[in-house]
Amino acid sequence: MLVAEWIMRVVHWGSAAVGLFAFIHALLQRADAYSAADRKTKPIWMLITGGSTLAMALFRLDTAGMIFWVPAMAATLVYLVDVRPRLIEVQRGGRNW
């Protein structure tokens with residue numbers, strides 16, 4: 001097996017693991033925290049992160065399924081970079097300055 005194939009497998013399953021982390025995080029948050037953070041509702045983010053995880057597990061980056069993998073990874077990253085920090089901030093009580 002070539003090194004490039006191993007790298008693609010690591011990217012494939014690593015992205016699915018990141019998506020699973022985002023889904024579990026969305027699942028464990030309080031529903032009212034989403035509205036307090038001025039983000040979409042908890043069921044919507046669970047659907048987005050769950051569907052993204054499924055898409056990243058089913059489709060690979062080096063095949064024609066890339067058309068599903070790329071938006072799924074983008075949606076997961078939006079949750080991790082934008083929504084997750086705001087949820088954490090809201091649940092800790094906001095800024096203390």
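This chain uses plain numbering: 1 for the first residue, then up along the sequence. Scope of the values below: all heavy atoms of this structure, side chains included, with no hydrogens, waters or symmetry mates. Please read these numbers as outputs of a predicted model, since none were measured by experiment.
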Please say yes or no: joined through hydrophobic side-chain contacts below 4.5 Å, possibly via intermediate residues, are [X] and [Y] part of one cluster?
X	Y	answer
Ile67	Leu54	yes
Ile48	Met46	no
Ile24	Val18	no
Trp13	Phe59	no

| field | Val70 vs Leu61 side-chain heavy atoms within contact, under 4.5 Å | value | yes
| query | Do Met66 and Arg60 touch side chain to side chain, with heavy atoms closer than 4.5 Å? | reply | no
| message | Tell me whether the count of non-hydrogen atoms from other residues, nucleotides or ligands lying under 6.0 Å of CG in Leu28 goes above 12. | response |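 Result for CG/Leu28: enclosed.
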| field | Phe68 atom CZ, neighbour heavy-atom count above 12 within 6.0 Å | value |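 No, not enclosed.
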| message | Return the CE to CG distance between Met8 and Leu2, rounded to the nearest 0.5 Å. | response |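 Spacing of CE (Met8) from CG (Leu2) equals 13.0 Å.
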| Interatomic distance, Leu47 atom CG to Ile44 atom CD1 [nearest 0.5 angstrom] |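 Between atom CG of Leu47 and atom CD1 of Ile44 there are 8.0 Å.
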| Would you call Asp82 and Arg39 a salt bridge, using N to O less than 4.0 angstrom? |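 Judged by the 4.0 Å cut-off on N to carboxylate O distance, Asp82 and Arg39 do form a salt bridge.
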Quick check: closest heavy atoms across [X] and [Y], and the distance to 0.1 Å?
X	Y	value
Thr76	Ser52	OG1-CB, 3.3 Å
Thr49	Ala26	OG1-CB, 4.1 Å
Thr53	Leu20	OG1-N, 3.4 Å
Ala36	Arg86	O-NH2, 4.5 Å

| Positive for ring pair (Phe, Tyr, Trp, His ring centres under 6.0 Å) with Tyr79, one of Phe21, Tyr34, Trp45, Phe23 |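 Of the listed options, the one satisfying the test is Trp45.
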| Residue list, side-chain hydrogen bond (donor to acceptor under 3.5 Å, both in side chains) with Arg9, at least two apart or on another chain |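 Arg9 satisfies side-chain hydrogen bond (donor to acceptor under 3.5 Å, both in side chains) with no residue once adjacent residues are dropped.
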| Can you list the residues that meet the side-chain hydrogen bond (donor to acceptor under 3.5 Å, both in side chains) rule with Trp69, with sequence neighbours excluded? |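 Residues passing side-chain hydrogen bond (donor to acceptor under 3.5 Å, both in side chains) with Trp69: Ser15.
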| query | With distance as the sole test, does Lys42 use its side chain to make a donor-acceptor pair with the main-chain N or O of Asp32 at under 3.5 Å? | reply | no
| Any donor and acceptor pair, going by atom type alone, linking the side chain of His12 with main-chain N or O of Ala57 inside 3.5 Å? |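 Checked: pair present.
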